[in-house]
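To start, the structure under review is shown below, and the notes come after it.
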Amino acid sequence: MMMSSEPQSNPVETLDDEQSLKTMIINLTNIVHQQNEKIARLEQTVQNQHHQLNDRVLALERYSRKMCLIFDEIDLRPDPIASVLKIIRSEMKVTMADCDIVACHPLGRGDSQCGPVIVKFIYHGHRDIIWRRKSWLKSFRNSLNRPVFSRECLAPSDQEILREAKNANVKVQTRKQQVYAVHPEGGLTMIKSIEEYFVSDHGATRPPFQLTAVESGQSSSVNNSAPLPTVASISSSPWKSSITLLSDVIAPQIQLVDEQVKLTKNSQLSLAKEIELMNETLLAVMETSRNQPHLDAYLEKLSQAQKKLHSVCVSVEASGETAQVGQDD
């Protein structure tokens, strides 16, 4: 009886190979899981910074509009400023000089006869009293017999919130460039977003968002609850070559993801510095414009003084001529 010439494998070496492969798979799984957690933390940090920057930009936008009001259906011809001042003085009973308005610009098409205008005031007191008397314009009509009304100058994001609230049949009003919901029993609630308002005050009336595997912090390619390969399955030679290939492929990808995360964080820090610089520049410009003297009143007084001086000179010349005629006689 002939003996088989095939070499017998050493059970000890096979067991060591199986244990090393199992350890390698566990290590790779842990590395991928750690990288996923790191990416999730960085994404949360970037999202928080994004929200903070949006809030600061919105605050600056509201600050730049706090001295402004919008008047709708104003007669644009011949002069919108004259039309606005006429309404303020005659209908709202507010005494204002021409120089108390910094700027008055039409919004939309410039060739229309009537339309909205944005008005910026010098003094906050004038702006507030005009806003409180907005109901005094209910009976006023323009040259086309259209009602004229005033509204606050809202930032684009607040305008979108106001539009969504009205579409959702929410009774709202605006105060200090912000949108508030009016409760039937009294009281106001500031609306930051329609979704947040409905969830906080009315419960979850809209379908909840379905998170994907990546958004929920789980990875579709790595499942921690999945069982590891058995000892019998990883003892074959194809598994050995596959594990080596998998290690060679995953390691560079992990390094690439780590570099991309670092670049993203650096870009967010650079963006934050630029926005901080822009914030300081805008505040400096607003402070400079606020401290600039308003020369319109002084120019008007100087013009009146010149007219008086001219009339005095004419009177003096007439008196001199009269005296000269008297001496000749």
Side-chain angles (χ1 to χ4, degrees), residues 55 57-76 79-108 114-167 170-184 186-192 194 197 282-283 286-287 289-292 294 296-297:
D55 292 341
V57 171
L58 180 59
L60 288 175
E61 184 73 19
R62 289 171 176 169
Y63 181 82
S64 65
R65 296 168 180 260
K66 73 174 186 176
M67 301 296 291
C68 301
L69 288 176
I70 295 178
F71 290 83
D72 288 287
E73 299 299 339
I74 292 294
D75 292 323
L76 303 179
D79 186 11
I81 298 181
S83 301
V84 171
L85 286 173
K86 180 181 178 181
I87 293 174
I88 292 174
R89 293 167 180 169
S90 62
E91 300 297 328
M92 296 184 168
K93 308 301 180 183
V94 179
T95 303
M96 285 184 58
D98 295 354
C99 57
D100 291 333
I101 293 180
V102 179
C104 179
H105 301 292
L107 301 176
C114 299
V117 296
I118 179 172
V119 182
K120 185 174 183 180
F121 301 92
I122 293 179
Y123 302 108
H124 200 273
H126 285 158
R127 187 261 182 203
D128 284 349
I129 192 172
I130 291 172
W131 174 243
R132 289 196 298 267
R133 296 181 181 180
K134 59 183 180 294
S135 61
W136 294 21
L137 297 177
K138 289 183 178 180
S139 60
F140 182 76
R141 297 292 185 270
N142 59 12
S143 59
L144 298 179
N145 198 24
R146 297 175 182 173
V148 176
F149 55 93
S150 62
R151 52 190 170 94
E152 283 196 305
C153 184
L154 300 178
S157 58
D158 293 326
Q159 294 178 13
E160 183 65 24
I161 292 175
L162 180 63
R163 184 162 43 250
E164 291 180 355
K166 290 183 177 179
N167 292 336
V170 179
K171 186 178 181 180
V172 295
Q173 62 177 235
T174 59
R175 288 187 179 184
K176 297 182 179 180
Q177 289 75 46
Q178 295 179 354
V179 183
Y180 291 85
V182 182
H183 299 288
L188 301 174
T189 300
M190 186 175 66
I191 303 178
K192 295 183 179 180
I194 293 297
Y197 170 74
L282 288 175
L283 290 177
M286 288 187 290
E287 188 67 24
S289 61
R290 188 187 304 112
N291 295 330
Q292 285 181 353
H294 301 286
D296 295 340

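Quick note: residue numbers are just sequence positions, from 1. Side chains included, hydrogens not; waters and symmetry mates left out as well; all remaining heavy atoms used.
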Would you please test Arg151 and Thr174 for side-chain contact (heavy atoms from CB on, under 4.5 Å) and show each step?
CA-CA 9 Å; Arg151 52 190 170 94; Thr174 59; over 6 Å; no
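- With rounding to the nearest 0.5 angstrom, the CG atom of Leu162 is 11.0 Å from the CD atom of Gln173.
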Would you please test Glu152 and Arg127 for side-chain contact (heavy atoms from CB on, under 4.5 Å) and show each step?
CA-CA 10 Å; Glu152 283 196 305; Arg127 187 261 182 203; 2.8 Å; yes
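- Nearest heavy-atom pair across Ala181 and Ile191 is CB-CD1, 3.7 Å.
- Put simply, the side chain of Ile101 does not reach to within 4.5 Å of the side chain of Ile122, judged on heavy atoms.
- Partners of Gln177 by side chain to side chain donor-acceptor pair (under 3.5 Å), not counting sequence neighbours: none found.
- Here the side chains of Lys176 and Lys66 are not in contact, with every heavy-atom distance at 4.5 Å or above.
- Considering all non-hydrogen atoms of both residues, Val84 and Cys104 come closest at CG2-SG, 4.2 Å.
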Applying side-chain contact (heavy atoms from CB on, under 4.5 Å), run through Leu188 and Val182 and close with a yes or a no.
CA-CA 5 Å; Leu188 301 174; Val182 182; 3.6 Å; yes
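- One finds the CD1 atom of Ile87 at 9.5 Å from the OG atom of Ser150 (value rounded to the nearest 0.5 Å).
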Please determine whether salt bridge (Lys or Arg N to Asp or Glu O under 4.0 Å) holds for the pair Arg89 and Asp98, giving the CA-CA distance in whole Å, both sets of side-chain angles, and the decisive distance to 0.1 Å.
CA-CA 11 Å; Arg89 293 167 180 169; Asp98 295 354; 2.7 Å; yes
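- Not a single side chain to side chain donor-acceptor pair (under 3.5 Å) links Gln159 to another residue, sequence neighbours left out.
- Classification of Asp75 and Lys86 as a salt-bridged pair fails, no side-chain N sitting under 4.0 Å from a carboxylate O.
- The shortest non-hydrogen separation linking Pro106 to Val117 is CA-CG1, 3.8 Å.
- Residues that satisfy the side chain to side chain contact (heavy atoms under 4.5 Å, CB included) test with Ala97, not counting sequence neighbours, are Cys99, Asp100.
- By the side chain to side chain contact (heavy atoms under 4.5 Å, CB included) test, Lys192 is found to be paired with Met190, Glu196, residues two or more places apart in sequence or in another chain being considered.
- Residues Asn142 and Glu73 share a closest heavy-atom pair of ND2-O, 3.0 Å.
- Remark: Ser83 OG to Ile88 CD1 distance equals 11.0 Å, nearest 0.5 Å.
- Within 6.0 Å of atom CZ in Arg175, 12 or fewer heavy atoms from other residues, nucleotides or ligands are found, so the atom counts as exposed in its surroundings.
- Atom-to-atom distance recorded for Glu61:CD and Asp158:CG is 9.0 Å, nearest 0.5 angstrom.
- Contact of the Thr189 side chain with the His183 side chain is registered, since non-hydrogen atoms from C-beta on lie closer than 4.5 Å.
- By the side chain to side chain contact (heavy atoms under 4.5 Å, CB included) test, Cys153 pairs with Arg65, Cys68, Ile70, Ile118, sequence neighbours left out.
- When all heavy atoms of Ile74 and Pro80 are compared, the closest pair comes out as CG2-O, 4.3 Å.
- Side-chain contact between Pro147 and Arg141 is present, with at least one heavy-atom pair separated by less than 4.5 Å.
- Taken to the nearest 0.5 Å, the CG atom of Leu58 stands 15.5 Å off from the OH atom of Tyr63.
- Rounding to the nearest 0.5 angstrom, the gap separating the CG atom in Asp128 from the CG atom in Leu69 is 8.5 Å.
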Which pairs would a plain distance check flag for residues 131-140, meaning a side-chain donor or acceptor within less than 3.5 Å of a matching protein atom at least two apart in sequence or in another chain?
residue : atom : partner : partner atom : Å
Arg133  : NH1  : Met92   : O            : 2.7
Arg133  : NH1  : Lys93   : O            : 3.1

